[in-house]
**Student:** 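Can you read through this structure? Questions will come right after.
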Amino acid sequence: MAEQDQRNSESFTLTNNSTGDEFELQVLNGTVGPKVIDVRRLYADTGYFTYDPGFTSTGSCESNITYIDGDEGILLYRGYPIAALAEHSDFTEVCYLLLYGELPDKTQKDKFNNDITYHTMLHEQLNNFYRGFRRDSHPMAIMCGVVGALSAFYHDSLDISDPWHRMVASYRMLAKIPTIAAQAYKYSIGQPFIFPRNDLSYAENFLHMMFATPAEDYEISPILARAMDRILILHADHEQNASTSTVRLAGSSGANPFACIAAGIASLWGPAHGGANEAVLNMLQEIGDKSNIPEFIAKAKDKDDPFRLMGFGHRVYKNFDPRAKVMQETCHEVLGELGVTDEPLLELAMELERIALEDEYFVERKLYPNVDFYSGIIFRAMGIPTSMFTVLFAVARTVGWIAQWNEMVEDPSQKIGRPRQLYLGETYRDFVPVDKRG
Ligand code: CMC
């Protein structure tokens, strides 16, 4: 959309109550979604900043990739609703869509799959790099380290001003991230690394690298592979969330893409973001029994208690999380396939969901179950250990980070990200030598 087309006839006039000075703020239109007040000239023209911790009212970039309407529970990748993609598409096709803006035709799809498949192995020296970690390292710690280290191994794709380098780096990240993740797991349980197989799909390959051993092949259930593929689709992008904004901010200085994705992984690790799926399982285990639910609900509502109901609430979705709906269905499919009929944690989760959805505190604040509420239960049923849950989120989100990073680098108006602050510290003071202090 050309800048001229984004302009809305509306504008705001800011009036300074003390001086009477006025400043006109232009309103911009997106193709869909709330209108945006353009404050780019505000500081230069008035000497004032805006103040918005947590960026609750601030857009940080233009983007064509993902659209969320939190009130209506809508999530679109390049215009396509998430439920339609989860039902009819597959993960690598969704990757192509996120990266290139359109669904691939048959030839494009085959070539893309082939290109990704042939980049899945890691440099052998990188395999040795794992051995520097303690065996009991959290796999997210290994992910941050190994992904950051990719910049030390693939020197031929670090020039971000070269579109070819950017493309090769993007394909490498996308292709290698499941291998890196599965190897982090294998390392933590003391098993040898399992190499990728080129005859398998992206999701199948991940399950194979996680669960096969040199002594025994892993029989991949089509239902579990489909569920894994769906989980990857559902987590692939989510516009300007904390980790994506971290990737953009890191990249805005011209840092290489591997370093930027490592920064994104670090941000994702936190329990308020990608770490929530692990936290949900830990919480369910802590609750232990349905009879304890009221006590934990009371703790979640108590403002003096830092406990929050993990897997509930979202910064943007104030209706329901459309990913959670698909996830709930997938959850039942997986449990059916695995013959899990009496999974106590699932029963506990369903009861918690029911009670929370009826409780005035949660209803008033529009705190619905989010995607992480169900993903933890599915992963557990698949035999994936809790410490790997956030790693899986990182595997899926890598494509979103890459697509957003590429969009930023290609944007001619891109500038280094440099927020300002409301300074509340000491003003100027003279230095006092140590023998004169106190
Ligand atoms: N349990 C209890 N109370 C909550 C919860 C919760 N999970 N989430 C929000 N609240 C309350 C909060 O205390 C506040 O109450 P009040 O208005 O009385 O002060 C109100 O709801 C609004 O919350 P907020 O903290 O202002 O909302 P936020 O947009 O800053 O936080 C959130 C969003 C996701 C960090 C938060 O809901 C949360 O901590 N949820 C649990 C962690 C979680 O499940 N995270 C995964 C998010 S989805 C995956 C992803 O995108 O990474």
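Counting convention: from 1, in listed order, for ligands and their atoms alike.
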**Student:** Answer with yes or no after comparing the ring centroid distance for Y171 and F112 against a 6.0 Å cut-off, counting only values under it.
**Tutor:**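 That pair passes the under 6.0 Å test.
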
**Student:** In the protein, what heavy atom is nearest to atom 3 (N) of ligand 1, and what distance, to one decimal place, separates them?
**Tutor:**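 The closest heavy atom on the protein side is Y361 OH, 2.9 Å.
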
**Student:** When you measure from atom 43 (C) of ligand 1 to every protein heavy atom, which one gives the shortest distance, and what is it?
**Tutor:**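 Here the closest protein heavy atom is A276 CB, 3.5 Å.
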
**Student:** Would you tell me which option among H238, H273, R323, M310 has the nearest heavy-atom contact to atom 42 (C) of ligand 1?
**Tutor:**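 Selected option, by shortest heavy-atom distance: M310.
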
**Student:** What atoms of ligand 1 come within less than 4.0 Å of a heavy atom belonging to G311?
**Tutor:**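 What qualifies from ligand 1 is 43 (C), 44 (O).
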
**Student:** Going by the atom numbers of ligand 1, which of them fall below 4.0 Å from some non-hydrogen atom of A272?
**Tutor:**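 Within the 4.0 Å cut-off of A272, ligand 1 contributes 45 (N), 46 (C), 47 (C).
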
**Student:** Are F153 and F258 close enough that their ring centres sit under 6.0 Å apart?
**Tutor:**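 No.
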
**Student:** To the nearest 0.5 Å, what is the distance between CD1 on I142 and CD1 on I265?
**Tutor:**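 Reported to 0.5 Å precision, the distance equals 12.0 Å.
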
**Student:** According to the interplanar angle, ranging from 0 to 90°, do the rings of F133 and F129 count as parallel (below 30°), tilted (30 to 60°) or perpendicular (above 60°)?
**Tutor:**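 Correct class here is perpendicular.
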
**Student:** Would you say atom 1 (N) of ligand 1 touches the protein, meaning some protein heavy atom is under 4.0 Å from it?
**Tutor:**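 Yes.
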
**Student:** Are Q240 and R248 linked by a side-chain donor-acceptor pair shorter than 3.5 Å?
**Tutor:**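 There is such a pair (donor and acceptor under 3.5 Å, judged by atom type) between the side chains of Q240 and R248.
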
**Student:** Under 4.0 Å from atom 26 (O) of ligand 1, is there at least one protein heavy atom?
**Tutor:**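 Given the 4.0 Å cut-off, atom 26 (O) of ligand 1 does not count as touching protein heavy atoms.
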
**Student:** Is there at least one protein heavy-atom neighbour under 4.0 Å from atom 20 (C) of ligand 1?
**Tutor:**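 Yes, because at least one protein heavy atom sits under 4.0 Å from atom 20 (C) of ligand 1.
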
**Student:** Give the residue, atom name and distance (to 0.1 Å) of the protein heavy atom nearest atom 29 (O) of ligand 1.
**Tutor:**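 The protein heavy atom lying closest is R315 NE, 2.8 Å.
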
**Student:** Do the numbers put K109 on top of the ring of Y96, so that NZ or CZ is under 6.0 Å from the six-membered ring centre and no more than 45° off the axis?
**Tutor:**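 Checked: cation-pi criterion not met.
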
**Student:** Report the part of L367 in contact with ligand 1, treating N, CA, C, O as backbone and CB onward as side chain, heavy atoms under 4.0 Å; options are side chain, backbone, both, neither.
**Tutor:**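 The side chain, only.
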
**Student:** Provide, to 0.1 Å, the distance between atom 13 (O) of ligand 1 and the closest protein heavy atom, together with that atom's residue and name.
**Tutor:**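 Among all protein heavy atoms, the one nearest atom 13 (O) of ligand 1 is K303 NZ, 2.9 Å.
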
**Student:** Below 6.0 angstrom between ring centroids: does that apply to Y317 and H238?
**Tutor:**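 Yes, they do, as the ring centres are separated by less than 6.0 Å.
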
**Student:** Could you tell me which atoms of ligand 1, counted from 1 in the order shown, lie closer than 4.0 angstrom to a heavy atom of H314?
**Tutor:**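 In order of numbering, the contacting atoms are 33 (C), 34 (C), 37 (O), 48 (S), 51 (O).
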
**Student:** For atom 32 (C) of ligand 1, grab the closest protein heavy atom and report residue, atom and distance to one decimal in Å.
**Tutor:**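 Looking only at protein heavy atoms, the one closest to atom 32 (C) of ligand 1 is R308 NH1, 4.3 Å.
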
**Student:** What protein heavy atom sits nearest atom 49 (C) of ligand 1, and how far off is it?
**Tutor:**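 Protein heavy atom with the smallest distance to atom 49 (C) of ligand 1: D372 OD2, 3.0 Å.
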
**Student:** Identify the protein heavy atom lying closest to atom 40 (N) of ligand 1, giving its residue, its atom name and the separation to 0.1 Å.
**Tutor:**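 Going atom by atom, the protein heavy atom closest to atom 40 (N) of ligand 1 ends up being F312 O, 3.0 Å.
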
**Student:** Quick one: look at K301 and ligand 1, take heavy-atom pairs under 4.0 Å, and tell me if it's side chain, backbone, both or neither.
**Tutor:**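 Neither; no heavy atom under 4.0 Å.
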
**Student:** Tell me which protein heavy atom sits closest to atom 7 (N) of ligand 1, plus the residue, atom name and distance to 0.1 Å.
**Tutor:**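 The closest heavy atom on the protein side is L309 O, 2.7 Å.
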
**Student:** Between Y130 and Y187, how do the two ring planes meet: parallel, tilted or perpendicular, split at 30° and 60°?
**Tutor:**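 Y130 and Y187: tilted rings.
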
**Student:** Please answer whether the main-chain N or O of F195 pairs with a side-chain N or O of H208 as donor and acceptor at a distance below 3.5 Å.
**Tutor:**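 Yes; judged by distance alone, with no hydrogens or angles, the pair exists.
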
**Student:** Identify, by atom number and element, the atoms of ligand 1 in contact range of G274, meaning under 4.0 Å from any of its heavy atoms.
**Tutor:**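 Counting from 1, the qualifying ligand atoms are 52 (O).
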
**Student:** I'd like to know whether D237 forms a salt bridge (Lys or Arg N to Asp or Glu O under 4.0 Å) with R78, so could you lay out the CA-CA distance, the side-chain angles of the two residues, the decisive distance to 0.1 Å, and finally the verdict.
**Tutor:** CA-CA 10 Å; D237 194 45; R78 302 283 191 183; over 6 Å; no

**Student:** Identify whether the distance between the nearest side-chain nitrogen and carboxylate oxygen of D229 and R226 falls below 4.0 Å.
**Tutor:**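 The answer is yes: the pair qualifies as a salt bridge.
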
